[in-house]
Amino acid sequence: RVLFRSIQGVDFGGSLAYRYDDRTDELDAVGSDNTHHNNRYKLILKTKAPVNDSVTANVIAAATAGTGTTVADANPTFGLIAANFTAKLGGATVTAGKQGIATPWTTAGHYIDGIQTGSGIVATYPVGPVTLAAAMFVNSNIAGFTDSDITVLAALGKFGPINAQLWYADLAAST
């Protein structure tokens, strides 16, 4: 209880995902049974702390573990999904640092697999019913483009019952 008093204003959260897969596929080419027994776990821990009136610090860490038909119960691996600062500057919101890359072509959510992250900056600004967004990431882990740089521009809007999005992305593999 004393610990939480000393860090007043800090938000803690997280989630635990568990996936169990128990299935048998058709026989393989040599007639062997293709049975799968997989357990996969992911623990997400989130912390959000105010730095000042307009800036917050965000950290998201994950621990993952899994088992399979040929793998014994594995020790968890730990990783940093996000470590960034978000600033509210007038109507604009700017996030800088390591974060999920949220585009129609990437997965920024906190799932068992496939989180695509990078170090960079994202800025959004609402203009009437439209939100304009611009982002630039380096050293991303986008599937097939590891250590790549990506620049994204977007306009997102809601017009009555219709949601509309216009996206542009430039993806370049690092050398």
Side-chain angles (χ1 to χ4, degrees), residues 1-19 40-65 76-143 145-159 162-172 174:
R1 187 171 177 170
V2 174
L3 175 65
F4 288 108
R5 283 188 186 165
S6 66
I7 51 176
Q8 203 168 23
V10 177
D11 293 331
F12 295 99
S15 63
L16 174 64
Y18 170 74
R19 180 181 298 161
R40 300 172 83 184
Y41 310 85
K42 186 162 206 169
L43 173 66
I44 303 290
L45 301 172
K46 300 178 183 181
T47 303
K48 182 177 178 180
V51 175
N52 60 34
D53 290 342
S54 59
V55 178
T56 58
N58 309 290
V59 175
I60 304 173
T64 59
T77 58
F78 295 92
L80 195 59
I81 294 172
N84 58 60
F85 294 94
T86 299
K88 303 283 184 175
L89 308 167
T93 301
V94 178
T95 302
K98 181 178 175 80
Q99 56 194 295
I101 301 174
T103 74
W105 309 284
T106 56
T107 304
H110 306 295
Y111 307 104
I112 292 269
D113 289 320
I115 299 169
Q116 294 170 322
T117 61
S119 296
I121 187 166
V122 176
T124 61
Y125 189 79
V127 180
V130 175
T131 298
L132 302 175
M136 198 295 189
F137 292 95
V138 295
N139 302 323
S140 73
N141 66 348
I142 297 173
F145 296 94
T146 302
D147 292 329
S148 61
D149 301 340
I150 184 170
T151 303
V152 178
L153 299 172
L156 311 131
K158 183 170 182 167
F159 308 96
I162 298 172
N163 288 323
Q165 299 182 8
L166 178 63
W167 288 85
Y168 167 81
D170 181 24
L171 181 64
S174 295

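Values reported hereafter were calculated over all heavy atoms of this structure, with side chains retained and with hydrogens, waters and symmetry mates removed.
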Worksheet item: Looking only at heavy atoms, what is the nearest atom pair of Ala62 and Ile44, with distance?
Response: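 Answer, listing the atom of Ala62 first, then Ile44: CB-CD1, 3.7 Å.
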Item to complete: Ignoring hydrogens and angles, tell me if any N or O in the side chain of Thr106 forms a donor-acceptor pair with the backbone of Ile101 under 3.5 Å.
Response: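 Such a contact is found between Thr106 side chain and Ile101 backbone.
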I'd like a table of donor-acceptor pairs (distance under 3.5 Å, sequence neighbours excluded) in which one partner is a side-chain atom from residues 77-93, with atom names and distances.
{"from": "Thr77", "atom 1": "OG1", "to": "Thr64", "atom 2": "OG1", "distance (Å)": "2.8"}
{"from": "Asn84", "atom 1": "OD1", "to": "Asn58", "atom 2": "ND2", "distance (Å)": "2.9"}
{"from": "Asn84", "atom 1": "ND2", "to": "Lys98", "atom 2": "O", "distance (Å)": "3.0"}
{"from": "Thr86", "atom 1": "OG1", "to": "Asn58", "atom 2": "ND2", "distance (Å)": "3.1"}
{"from": "Thr86", "atom 1": "OG1", "to": "Thr95", "atom 2": "OG1", "distance (Å)": "3.0"}

Worksheet item: In chain order, what residues pass the side-chain contact (heavy atoms from CB on, under 4.5 Å) check against Trp167, with sequence neighbours excluded?
Response: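 Only Thr103, Pro104, Trp105, Val152, Ala154, Leu156, Gln165 meet the side-chain contact (heavy atoms from CB on, under 4.5 Å) criterion with Trp167.
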Worksheet entry | Gap between atom CG of Asn139 and atom CD1 of Ile150 - 0.5 Å precision |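 That separation rounds to 13.0 Å.
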Practice prompt. Decide yes or no for Val127 and Tyr125: does some side-chain heavy atom of the first lie under 4.5 Å from some side-chain heavy atom of the second?
Written response: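 Heavy-atom side-chain distance check passes, below 4.5 Å.
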Worksheet item: Counting only N and O atoms by type, is there a donor-acceptor contact under 3.5 Å from the side chain of Asp149 to the main-chain atoms of Ala172?
Response: no
Fill in: Nearest atoms (heavy-atom pairs only) where Leu153 meets Ala134
CD2-CB, 3.7 Å
Worksheet item: When rounded to the nearest 0.5 angstrom, what distance separates CG in Leu45 from OG in Ser15?
Response: 8.5 Å
Worksheet item: Side chains of Phe137 and Val122: closer than 4.5 Å at any heavy-atom pair?
Response: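 They are in contact (side-chain heavy atoms under 4.5 Å apart), so the answer is yes.
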Worksheet item: OG of Ser148 to CG of Leu171: how many Å apart, nearest 0.5 Å?
Response: 4.5 Å
Worksheet item: Which residues pass the side-chain contact (heavy atoms from CB on, under 4.5 Å) test with Thr131, sequence neighbours left out?
Response: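 In terms of side-chain contact (heavy atoms from CB on, under 4.5 Å), with neighbours along the sequence ignored, Thr131 is linked to Thr124, Pro126.
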